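Note sheet for the following structure.
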Protein chains: 2
Amino acid sequence: MTEQCSHSNIASCTLPSSEQVARLIDQATELCDKRNLRFTRLRRQVLELVCKADQPVGAYHLLDELRESGRSAAPPTVYRALDFLLEQGLVHRLATNNTYLACAHPQQPHAAIFLVCSQCGHTQEVHTGGVIDQLRRQAEQFDFAIEHASVELTGLCSRCRQ
Amino acid sequence: MTEQCSHSNIASCTLPSSEQVARLIDQATELCDKRNLRFTRLRRQVLELVCKADQPVGAYHLLDELRESGRSAAPPTVYRALDFLLEQGLVHRLATNNTYLACAHPQQPHAAIFLVCSQCGHTQEVHTGGVIDQLRRQAEQFDFAIEHASVELTGLCSRCRQ
DNA sequence: AAAATAATGTTATATTATAACATAACAAAC
DNA sequence: GTTTGTTATGTTATAATATAACATTATTTT
């Protein structure tokens with residue numbers, strides 16, 4: 001991700017080039033090391049597949065790719081790896097279309113907003129501190145403690161609007 | 001829904017009493033009439049079931065209830081009715097847990113935010129013009145035209161926090 | 001090395017949703 | 001009021017997404 005990503009007030013994150021995939025893997029390795037967790041071959045492989053995809057991918061698509069790579073794999077194989085990556089904040093799950101995508105900023109935990117194009121599927125991770133903070137304040141007015149915010153905006157991306 | 005609902009700047013909507021269910025059905029009848037759509041027995045029955053539930057319900061739960069009521073029903077029966085009700089803005093779908101709940105304000109189309117308790121499942125529809133407007137503005141900065149906003153906040157409700 | 005823990009393999013199955021085609025109900029036109 | 005077209009529903013099958021449960025392997029700790 002993080003092509004032109006400024007991580008200032010508002011940041012948008014486009015898709016990863018191959019060197020950036022390597023960097024994300026490096027970051028994940030470091031991060032797991034720091035947390036004393038095992039970044040196994042399977043977990044690395046699944047993260048690579050998610051990173052390399054140019055769009056959010058479904059679990060069974062990842063399963064196919066694992067199998068094509070010669071590995072013996074069944075649904076739990078991929079779901080367990082995804083669960084691990086989700087817990088560590090290395091990937092996000094989009095509830096509106098049951099897909100997974102690599103997190104652009106695994107270092108600092110953050111709540112993100114996703115712009116999902118309903119036509120081409122292109123998905124952008126956007127960071128706008130303001131919105132999430134406002135949501136948190138609103139929730140607090142109802143004495144509600146947010147554990148996870150799922151904010152997914154479906155619509156037409158700039159390319160598909162033309 | 002709409003127990004203590006002010007529909008002012010911020011409005012919260014609690015669960016419906018039985019008279020309120022009747023009112024929602026009346027509103028739906030009117031609305032479909034106005035739009036020249038058929039509010040059939042099946043559609044009415046499904047909306048009633050969704051309204052009466054004290055929490056968002058799954059499609060297969062509705063299916064069971066339809067069958068218990070004596071009606072012959074299969075998955076498409078309930079999904080088709082739900083699709084109709086969704087299109088008309090009479091129910092909402094929660095993507096994070098694949099459930100459906102009655103819309104508190106079918107009259108005026110609106111984007112809502114949902115507070116979903118991860119412990120008891122209680123779900124609150126909250127209307128805060130501000131947040132949705134802000135989301136729309138943010139999206140516009142990326143030349144993105146929102147068609148649908150799914151904003152689902154998972155966490156602990158006030159009762160479960162204690 | 002043995003024991004304990006964590007990860008993966010494997011089989012089966014649960015849960016959610018849709019495709020495809022047949023029939024029935026309804027509305028419009030004649 | 002019957003024919004015709006359209007919309008809704010019935011019905012069967014199956015797709016797509018996800019998890020349970022238990023066996024095996026790998027890794028870490030003792």
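Computed from a predicted model, the values in this text were never measured in an experiment. Numbers restart at 1 for each chain; the letters A, B, ... are given by sequence-line order, proteins then strands.
- Placement of B/Leu115 and A/Ile146 within a single hydrophobic cluster is found when ILVMFWY residues are connected by side-chain heavy-atom separations under 4.5 Å, directly or transitively.
- Counting only distance, with no hydrogens or angles, the side chain of A/Glu68 and the backbone of A/Leu63 share no donor-acceptor pair below 3.5 Å.
- Ring pair B/Phe114/B/His92: centre-to-centre distance below 6.0 Å.
- Phosphate contact (OP1/OP2 of D/dA18, side-chain N/O of A/Asn98, threshold under 4.0 Å): present.
- Rounded to whole angstrom, the span from the OH atom of B/Tyr79 across to the P atom of D/dA16 amounts to 15 Å.
- B/Tyr100 comes within 4.0 angstrom of the backbone, heavy atoms only, and of no base.
- B/Leu66 has its CG atom 15 Å from the C1' atom of D/dA8, to the nearest Å.
- Listed candidates were C/dA17, C/dA7, D/dG10. Nearest to the side chain of A/Arg43 is C/dA7.
- Taking atom CG of B/Asp64 as the reference point, atom P of C/dT16 lies 11 Å away to the nearest angstrom.
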For nucleotides 21-27 of chain D, which of its nitrogen or oxygen atoms have a protein nitrogen or oxygen under 3.5 Å away, and what is each distance?
none

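- Between C/dA17, D/dT17, C/dA7, one nucleotide has an atom nearer to the side chain of A/Thr40 than all others, and that is C/dA7.
- Distance from the side chain of A/Pro75 is smallest to D/dT19 among C/dT16, D/dT19, C/dT18.
- With hydrogens and angles ignored, the 3.5 Å screen pairs a side-chain donor or acceptor of B/Glu125 with a backbone N or O of B/Ala104.
- A donor-acceptor pair is defined here as one N or O able to donate and one able to accept, closer than 3.5 Å; no such pair exists between the side chain of B/Gln119 and the backbone of B/Cys160.
- For A/Arg71, the side-chain atoms get nearest to C/dT8 when compared with the rest of D/dA18, C/dT8, D/dA8.
- Out of D/dG10, D/dT12, C/dT16, the shortest distance to the side chain of B/Ser72 is found at D/dG10.
- To the nearest angstrom, P of D/dT28 lies 15 Å from CZ of A/Phe39.
- Between A/Gln45 atom CD and C/dA7 atom P there is a gap of 17 Å when expressed in whole angstrom units.
- Of the possible donor and acceptor atoms, none in the side chain of B/Ser118 sits under 3.5 Å from a partner among the backbone N and O of B/Val116.
- No hydrogens or angles were tested; on distance alone, a donor-acceptor pair under 3.5 Å links the side chain of B/Tyr60 to the base of C/dA17.
- Counting non-hydrogen atoms under 4.0 angstrom, A/Phe84 reaches nothing in the nucleic acid.
- The backbone N or O of A/Ala73 lies less than 3.5 Å from a partner atom in the side chain of A/Arg67, making a donor-acceptor pair.
- We find that CG of B/Leu37 is positioned 14 Å from C1' of C/dA27, with the value rounded to whole Å.
- The interatomic distance linking B/Asp83 (CG) with D/dA8 (C1') rounds to 13 Å, in whole Å.
- Distance, B/Leu63 CG to C/dT18 P: 14 Å, rounded to whole Å.
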